[in-house]
Amino acid sequence: MQERLALLKNQALKAIAGACSIVELEELRVRYLGRKAGALTEVLRSLKDLDDAEKRSVGQAANVVKNELTDAFSKRLADLDTQSAKAGIDLTLPGRRRFIGSKHPLTIVTDRIVDIFTGMGFEEILGPEVESEWYNFEALNIPEGHPARGEMFGNFYLPGGLLLRSHTSPVQIRVMEKRKPPVRVIAPGRVYRRDAFDASHSPAFYQAEGLYVDEDVSLADLKGTLEVFSQEMFGTDIRTRFSPSYFPFTEPSAELSISCVICGGKGCSVCSHTGWLEILGCGMVHPQVLRNVGYDPEKFTGFAFGMGIERVAMIHYRIDDIRHFYSNDIRFLSQFREAW
Ligand code: PHE
């Protein structure tokens with residue numbers, strides 16, 4: 001009898017400790033201490049068949065067990081109560097990461113370019129991405145038959161003689177047609193060329209076009225403006241270099257390079273060991289372009305420039321593959337913060 005009691009007690013304590021819910025605990029209480037068919041109740045009931053001496057000793061032992069079990073039940077019940085009070089909060093779950101959005105690096109750099117020029121009195125304007133041949137070529141002094149024109153030479157033509165603009169220069173024409181000098185604008189936007197999609201080319205990319213036309217605008221104004229831009233954009237320790245170039249819509253034309261931001265001009269693989277990085281094309285607006293929009297080239301002069309925004313961003317952030325900009329990989333995109 002005593003052994004049976006000890007076994008029952010151990011079984012019950014184990015079961016109580018393992019009970020995971022109040023419902024489960026109540027079931028156990030009925031099974032062990034229930035008045036009708038509880039296991040301990042059965043033991044107490046069977047006392048009547050024992051002799052007096054046994055009755056006393058087993059009865060005492062059974063009462064001790066009953067008290068112990070009652071205690072264990074109420075302790076476990078209190079535990080489960082506090083746990084369920086915290087229901088819904090599982091402290092063992094790993095935390096949930098919150099992502100903070102950030103601007104696309106090309107947006108950051110475009111904003112910065114526009115900021116620098118508006119700080120110098122330029123106004124931001126936009127033009128359409130679908131253009132006519134007049135705005136994209138003719139008005140810019142690129143005649144029919146010029147190698148820059150035809151489909152073979154890298155343009156996306158649309159029905160009706162339209163095309164996706166191959167540069168932002170048509171915005172120059174649109175603004176000059178509408179306004180009288182002084183005109184001082186910066187026009188960022190997307191352009192399209194039938195280029196391969198590789199580490200340094202994309203069929204769609206961004207440019208920013210600048211234009212300043214007034215009386216007495218000189219090449220010195222062009223150089224001064226773009227030098228200020230370069231230092232604001234890339235740091236005051238860089239040097240600039242203008243070298244002769246050719247564009248049908250500017251005369252003279254030039255290319256602007258900055259001293260390599262990686263090697264400081266000594267020569268490395270990024271600058272092809274020249275020490276210089278080309279960043280934009282520029283020049284004095286061609287007299288024929290001024291005539292095409294009804295400006296008198298004897299009275300007005302101006303300068304224009306066009307830069308590739310991806311190229312500026314790649315130099316600034318040291319990015320080696322243009323395709324990163326368009327891959328929408330959050331691991332890449334989340335690295336950029338406004339750095340000015
Ligand atoms: N439109 C030229 C290009 O896409 C850049 C440029 C703009 C050059 C304005 C001179 C003046 O390459």
Side-chain angles (χ1 to χ4, degrees), residues 110 113-114 117 122 124-129 131-143 146-150 153-156 163-176 183-195 200-214 217-219 221-227 229-230 240-258 277-290 292-293 295 297 300-314 322:
T110 304
I113 293 168
V114 169
F117 285 104
F122 287 70
E124 182 183 11
I125 57 161
L126 300 174
E129 292 180 22
E131 274 295 9
S132 66
E133 292 196 275
W134 165 258
Y135 287 106
N136 199 76
F137 300 123
E138 243 137 276
L140 288 161
N141 204 31
I142 309 171
H146 188 281
R149 288 182 68 158
F153 293 97
N155 300 304
F156 288 107
L163 75 159
L164 297 177
R165 67 180 177 188
S166 60
H167 52 177
T168 41
S169 298
V171 188
Q172 289 183 33
I173 306 298
R174 288 182 175 277
V175 66
M176 287 192 287
V183 168
R184 192 152 45 178
V185 292
I186 179 84
R190 190 146 45 177
V191 302
Y192 302 84
R193 289 182 195 174
R194 285 169 48 143
D195 278 338
S200 48
H201 297 88
S202 163
F205 61 100
Y206 290 84
Q207 284 190 333
E209 188 85 10
L211 174 73
Y212 177 27
V213 183
D214 200 353
V217 176
S218 70
L219 190 67
D221 295 317
L222 163 66
K223 288 188 68 178
T225 304
L226 292 179
E227 265 163 29
F229 164 74
S230 304
T240 52
R241 182 182 78 174
F242 290 85
S243 37
S245 185
Y246 174 77
F247 300 101
F249 35 94
T250 47
E251 182 57 36
S253 302
E255 250 149 33
L256 170 61
S257 302
I258 57 166
L277 298 168
E278 210 181 282
I279 60 161
L280 57 81
C282 57
M284 300 306 292
V285 181
H286 196 290
Q288 186 56 46
V289 173
L290 294 175
N292 289 344
V293 296
Y295 286 4
F300 297 112
T301 51
F303 67 75
F305 58 87
M307 71 182 88
I309 293 176
E310 280 83 348
R311 181 148 175 82
V312 171
M314 287 168 84
I322 199 170

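Read the numbers this way: they start at 1 and go in the same order the structure lists the ligands and their atoms.
The protein residues lying under 4.0 angstrom from ligand 1, judged by non-hydrogen atoms, are His167, Ser169, Gln172, Arg193, Gln207, Glu209, Phe247, Phe249, Thr250, Gly281, Cys282, Ala304, Phe305, Gly306.
Side-chain contact check for Phe242 versus Cys282: some heavy-atom pair is nearer than 4.5 Å.
The aromatic rings of Tyr212 and Phe122 sit perpendicular to each other, their planes meeting at more than 60°, with 30° as the lower class boundary.
Applying the salt bridge (charged side-chain N to carboxylate O under 4.0 Å, His left out) test to Glu124 and every residue at least two apart in sequence or in another chain returns nothing. The salt bridge (charged side-chain N to carboxylate O under 4.0 Å, His left out) test applied to Glu209 returns no partner, not counting sequence neighbours.
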Just list the side-chain donor-acceptor pairs under 3.5 Å for residues 302-312, sequence neighbours left out, or say none.
unit_1, atom_1, unit_2, atom_2, d
Glu310, OE1, Tyr206, N, 2.9
Glu310, OE2, Tyr206, N, 3.2
Glu310, OE2, Tyr326, OH, 2.7
Arg311, NE, Glu278, O, 2.5
Arg311, NH2, Glu278, O, 3.0

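A side chain to side chain donor-acceptor pair (under 3.5 Å) with Tyr192 holds for exactly one of Glu129, Glu131, Arg165; it is Glu129.
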